Amino acid sequence: MPSLENRNGKFRIVLRLEGRKLARSLNTDDERKARLALSRLEDNLHRYQLGTLPVDPDVDLVDQLLSGGQPVKRNLATRVTSVGRLLDAFKASFPEDSIESTTKCTMGIHIKHLKRVLGSRTPPGEVGLEKLQEYITNRSAEKTRSGTFVQPETIKKELATLSSAWRWGKQAELISSELPSKSLLRYPKTDEKPPFRTWREIERIVSRAGLSDEEIQQHWDCLFLDGAEVAELVHDVGTLSAPPFLQPMIAFAAYTGARRSEILRCRVQDRFLVKNTVRGSLAKIAFDTCSRARQA
């Protein structure tokens, strides 16, 4: 039987139909209005089960039960009836070459996990705080290819993709339900990473007894190179038997902080955009290195 739930001061209808749990927010805090909507749905549900209520298979069933089978006025708001369809539509909304291929690939990985764990067929109206907290719990118990548990930062990025898809869906009038605030979600505790340190500082720390191999590796993962060490690294890369573009790329990344995709799109003439430099003298050094490599 359908029932009412009060979530954060707002009423919603919850029912099980054809083996699925369905829910729809009534967007009201007035209990009298909520009970009237519940009575209307119960009557329409009885007609639906008798086969006397005409329904449109392309329109959300709960919306039709609330409206007595009449066309829903929200136009496109009922055309996306599952989380999987929303995520697929969101990904397809990006024009070709509008985002980096690596970004699109990462988004695809997030969407894959969201559809798998949340349930591709789950109606958007059922994605509440409890459902999202369950997602965090289930993902935290899964392991990566390296054998470690999925980290909270990874889960936060996946839910950020879900939030972006949700905002897009609301603006495009593909969905009507609200996504709960992420500030109410709770994540497992994680060990804080060591701060960035210089080479000498890390050597001093790892020389002490008592550190495991994993702890030592964590410290080296937070290595910070000073100016002389960066120059030495760039020089050593040039001595390797490697493609000629590798050294300029390493120099460009080290001296500017540019990402790989930004470096690959870069052209020598770009250095003339702002006073013969890209960003300060260090960037100019990197571009000079790139220029010499191209001329060679």
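These numbers were taken from a predicted model, which means no experiment stands behind them.
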Inter-residue atom distance [X].[atom1] - [Y].[atom2], 0.5 Å rounding:
X	Y	atom1	atom2	answer
Gln218	Ile202	CD	CD1	11.5 Å
Ser163	Leu179	OG	CG	5.0 Å
Ile109	Leu114	CD1	CG	12.0 Å
Leu26	Phe11	CG	CZ	9.0 Å
Tyr48	Leu41	OH	CG	12.0 Å
Leu86	Ser82	CG	OG	8.0 Å

Non-hydrogen atoms of [X] and [Y] that approach each other most closely:
X	Y	result
Tyr135	Ile155	CE2-CG2, 4.1 Å
Pro244	Pro248	O-CD, 3.1 Å
Thr28	Lys33	OG1-CD, 4.1 Å
Ser93	Trp168	CB-CZ2, 3.5 Å
Ala231	Tyr255	CA-OH, 3.7 Å

Any [X] side-chain heavy atom under 4.5 Å of [Y] side chain:
X	Y	answer
Leu45	Leu53	no
Val83	Ser120	no
Pro2	Leu38	yes
Ile13	Leu15	yes
Arg186	Ile136	no
Ile111	Leu162	no
Arg197	Pro194	yes
Val150	Lys143	no

| Single-linkage hydrophobic cluster, 4.5 Å side-chain cutoff, Leu185 and Phe149 together | no

| For the hydrophobic clusters of this structure (ILVMFWY residues joined by side-chain heavy atoms under 4.5 Å, transitively), does one cluster hold both Leu223 and Ile205? | yes

Between the main-chain N or O of [Y] and the side-chain N or O of [X], is there a donor-acceptor pair closer than 3.5 Å?
X	Y	answer
Trp166	Pro124	no
Glu5	Val14	no
Glu215	Ser212	yes

Sequence neighbours left out, what passes side-chain hydrogen bond (donor to acceptor under 3.5 Å, both in side chains) with [X]? Give chain and number order.
X	value
Glu130	none
Thr122	none
Thr148	Thr144, Ser146
Gln217	Asp221

| message | Holding to salt bridge (Lys or Arg N to Asp or Glu O under 4.0 Å), I want the full list of residues that pass it with Glu42, two or more places apart in sequence or in another chain. | response | none

| note | Taken in chain and number order and not counting sequence neighbours, the residues that satisfy salt bridge (Lys or Arg N to Asp or Glu O under 4.0 Å) with Glu153 are Lys156

How about [X]: does its [atom1] atom have over 12 heavy atoms from other parts shown lying under 6.0 Å from it?
X	atom1	value
Trp220	CH2	yes
Asp30	CG	yes
Gln49	CD	yes
Glu232	CD	no

Under the side chain to side chain contact (heavy atoms under 4.5 Å, CB included) rule, collect the residues that match up with [X], sequence neighbours excluded.
X	answer
Phe196	Cys222, Phe224
Thr198	Arg200, Glu201
Ala258	Phe252, Thr256, Glu262, Ile263
Thr52	Arg47, Leu50

| Under a single-linkage rule joining Ile, Leu, Val, Met, Phe, Trp and Tyr whose side-chain heavy atoms are separated by less than 4.5 Å, which residues share a cluster with Leu240? | none

| Under the salt bridge (Lys or Arg N to Asp or Glu O under 4.0 Å) rule, what pairs show up with a residue in residues 106-125, not counting sequence neighbours? | Asp88-Lys115, Arg116-Glu142

| said: Salt bridge or not between Lys10 and Glu178? Use side-chain N to carboxylate O under 4.0 Å. | reply: no

| request: Pick out which of Glu158, Gln151, Glu134 makes a side chain to side chain donor-acceptor pair (under 3.5 Å) with Arg139. | output: Glu158

| request: Please assess Leu132 against Leu184 for the test side chain to side chain contact (heavy atoms under 4.5 Å, CB included), listing each intermediate value before the final yes or no. | output: CA-CA 10 Å; Leu132 293 182; Leu184 300 175; over 6 Å; no

